[in-house]
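What you see is a predicted model, and the numbers here were worked out from it, not measured in a lab. Note: hydrogens, waters and symmetry copies are ignored here, and every other heavy atom, side chains too, is used.
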Amino acid sequence: MSGTTARRAAIAASVAAVALTSIAACGRSDAGESPGGDATGTVADTATGEIEIWAAAGNGDALRTLGEEFTTENPDVSITVTEIPWGEIITMNQTAVASGTGPDIVMTGADQTASVIAMGGLAPVPDGVMDVDALYPAAIASVTGETGLYSVPWYVETRFLFYRADIAAELGLDAPTTWAELEELSTAYATRPGGEFGFGLPRPIENPAQVIVPFTSQAGGAVADEDGWTFDTPEFVEALEFYQGFFERGESPLSETEATFENGGSPMFISGPWMVGIYEEMIASGAAPEGFTQESVGFVPMPAGSANNNSYIGGGNLGVFASSDNQESSWLFLSWLQEDAQQKKLFDLTGSFPARQESADYQPILDSPVMTVLKEQMPDTVETPSYPSWSQIAEQIGIYAERVAHGELSSQDAAKAIQAEADSVGFGW
Amino acid sequence: MRTTPPRSGRLVSLTARRRRTAAVAWLFAAPFVVSFGVFGVVPLVSSLGMAFTDLRVTDIRNPFNVDFVGFENFVTVLGDSTFQRALRNTLGFVVFGVPLSLFSALVLAVMLNALGRRLATVFRVGYYTPVVTTIVAVAVVWRIMYQPNGLINSLLATVGIDGPNWLGNPLTALPALTLMAVWRSIGSSMVIFLAGLQAIPTEVKEAAAVDGATTLQSFFRITIPMMTPTILLNAILTTTGFMQFFDEPFVMTNGGPLQSTTSIALYVFNQFQWGNYSVGAAGAYVLFAIISIFAIVQFRFLRQRT
């Protein structure tokens, strides 16, 4: 019996010793190390070998088709594409970075890129791959790490205002162009006979930061500068108050509701171009309520605050994985995807709006009413803060915005609280 | 103890044989020991170690290139207002959910035990179905039932009660999720209770009946005392499961409204999502400590009576 105890003690001691040695081996050796990949690479003249791509869901086919075209120009290369669900992208990259084995090219959402840069998952973009001046500035911001550029914007998307044009016409009101007109239309919608809500804003679990950041910009502010987060500002408070007003007046639903855009209960919201397709399908399939037609769906650029009408910008970025052994060919492919012809082809394939500004002057885009609005909105966009800690900060904004919406907390106190949380988290590089 | 006489030559060979037997035993146990070591002990020890470092998303390429920060992460976790809220919610969920779940399961088990075999099987399958159903599918149905004019409020309306917006109201969201979790967990506790009930010898009850004990007396004086080990097992299993409250808020409310359904497990999950691995690990070990305390208390409390 005592022998077993002694042996157990010995085993426990050795396990503890191993654990302690591994802890003792810890310690930050070099504080100056850049979070991204290694030294900047170069671009190949002709692509060779295999290029493996992780594409975000819904983009696999487009990349395959474009990849085949690229292969005819570069016969020595072969491209394989794997689709990854949007929600899995961060986890997949974490695992790939930790194990040091991954694909050659990874696609990230504009709001995810910074996190993958912070992991050290992406290689810095070599000179000559992208023409920074040709792309939308907010898209460039989303691929900028602490020390440089780490991905290539492939397509962009933005949000604008959807409103029930038919109901607005009945009420004798036009599409709103300013905050005051937006509030007026919202109140008119909600107080009309049979009306329920006026303006459906994202609820706390729907990431309200994606409207509060643009509202802050519209009020003339910004949520961060080079030194840190700036939430405790008059502009941010103004944005929160504007957001809160719709809830206070009962014009925006605080919880799940059966009021929808098509049944007229919630006749206004902010979203992206895909909603047009959803409503078209709804009308074509006969699922839409009576009286809801194509003419009912109005969409216009965001109404302006005191400073501008900046909207949210998102999009898809493509980067080269830091541990890829075929970086030079991968950069050539990404550089090729940036060219005007491929950017237009992308629009043909998926309807995604090109990241290259001049490619937007494309007849099918100009012919589409929704793309015209998108094109009009694109120059007036504010980048989502491109920092690794953004998703955590956005969650805090959601928590405090909800308390403000419920009237539990004043906008000033919420701004101070978010500032304190954000200061303790930092940018996360 | 020893049956063979102590003869020196035989003793040596016995020790040798015993040693050989031990070696063979270890050989047979090796697949388990090695796999448990690699996939069990190493992650456990490293996650505990992680809780005392400042490992973040930026460190995953060099996970050993981090600093030892002592209990700083635990201070961060315990000082975080979201964690405190999550702790209150989780404890409330456990304090109300576990007794409700155990009591309902016991009542159902006693009722099923009194039923005929075939009928009991039908009901057993029925009550066990929620346990094996995917939460995602169940969540859709429950969300529809909890809607302001969903099934539950329609039922309440027939008796003249104006039901609340269950998942949208910060006061009712946690009770609503508790009810759903109880519904999901009853089946497994019930099956264990049923097995416990069936293990009680009928002679004991017959003897009590002969002595003139009423049904109620025999339930509280015989059934419950003989079921104590089963109740202890179920209490620990259910409490451990309920402390890890995650699925319901994750798919139904995402912790809202006003953080009224956020839980410790959800907090830990979010910290990992945000790349604060060491803070997440510290939160997980706080949860582990609370679960251990609950288990120890239940052991002490229920073991005395057996």
Side-chain angles (χ1 to χ4, degrees), chain A residues 15-16 18-20 22-30 33 35-37 87 90-91 93-100 115-121 146 203-206 253-258 322-323 388-393 395-396 398-399 402-403 405-406 408 417 421 424-425 428-429, chain B residues 37 41-42 44-46 48-50 52-69 76 79-82 85 143-144 146-150 164-170 172-173 249 252-262 270-277 279:
Chain A
V15 167
V18 169
L20 282 176
S22 62
I23 287 169
C26 295
R28 297 187 181 279
S29 53
D30 180 16
E33 197 189 356
I90 294 290
T91 321
N93 275 291
Q94 280 175 356
T95 320
V97 172
S99 67
S115 293
V116 182
I117 298 173
M119 288 171 208
E146 200 180 15
R203 288 184 291 119
I205 60 165
E206 296 163 337
L254 267 172
S255 57
E256 224 169 311
T257 164
E258 277 128 32
S323 60
S389 65
W390 174 243
S391 56
Q392 187 172 356
I393 305 288
E395 173 95 3
Q396 297 302 326
I399 288 170
E402 181 176 30
R403 296 182 59 187
H406 277 264
E408 259 190 19
E421 297 269 5
S424 76
V425 173
W429 289 119
Chain B
V41 176
V42 170
L44 262 175
V45 171
S46 47
L48 184 60
M50 194 160 96
F52 293 95
T53 67
D54 59 356
L55 184 76
R56 283 186 58 247
V57 64
T58 47
D59 302 310
I60 50 178
R61 279 200 305 173
N62 309 297
F64 287 112
N65 191 11
V66 290
D67 281 339
F68 184 70
V69 295
T76 310
D80 189 333
S81 63
T82 305
R85 187 69 210 255
R143 206 153 45 197
I144 294 170
Y146 276 136
Q147 266 173 9
N149 54 4
N165 180 356
W166 292 97
L167 296 175
N169 186 331
T172 54
M252 299 276 287
T253 60
N254 200 17
L258 287 173
Q259 295 191 292
S260 60
T261 59
T262 191
N270 280 336
Q271 293 296 337
F272 275 100
Q273 285 292 102
W274 296 331
N276 303 328
Y277 305 127
V279 178

Side chain from CB out, backbone as N, CA, C, O: work out which of these in B:Asp80 comes under 4.5 Å of a heavy atom of chain A, or both, or neither. neither

If every non-hydrogen atom of B:Arg61 is compared with every non-hydrogen atom of A:Met119, which pair is closest and at what distance? CG-O, 3.7 Å

Is chain A contacted by the side chain of B:Thr262, its backbone, both, or neither, given a heavy-atom distance below 4.5 Å? neither

Give the minimum heavy-atom separation between B:Gly168 and A:Ser255, together with the two atoms involved. CA-CB, 3.5 Å

CD-OG1 distance between A:Glu421 and B:Thr82, expressed to the nearest 0.5 angstrom: 6.0 Å

Measure the spacing between CZ of B:Phe272 and OG1 of A:Thr91 and express it to the nearest 0.5 Å. 12.0 Å

So what's closer than 4.5 Å to chain B heavy atoms on A:Ile399: side chain, backbone, both or neither? side chain

So which heavy atom on A:Gly428 is nearest to which on B:Arg56, and how close? O-NH2, 2.7 Å

Evaluate the criterion side-chain contact (heavy atoms from CB on, under 4.5 Å) for residue pair A:Gln94 and B:Ile60; output intermediate values, then yes/no. CA-CA 7 Å; A:Gln94 280 175 356; B:Ile60 50 178; 4.2 Å; yes

Rounded distance [0.5 Å steps], CD in B:Gln271 versus CD in A:Gln392: 5.5 Å

Would you mind checking which part of B:Tyr277 comes under 4.5 Å of any heavy atom in chain A, side chain (CB onward), backbone (N, CA, C, O), both or neither? side chain

Leading residue by heavy atom contact count with chain B [cutoff under 4.5 Å; candidates A:Glu408, A:Glu402, A:Arg403]: A:Glu402

Under a 4.5 Å heavy-atom cut-off, does chain A meet the side chain of B:Asn276, its backbone, both or neither? side chain

Please determine, among A:Gln396, A:Glu395, A:Arg203, the option with the most heavy-atom pairs under 4.5 Å with chain B. A:Glu395

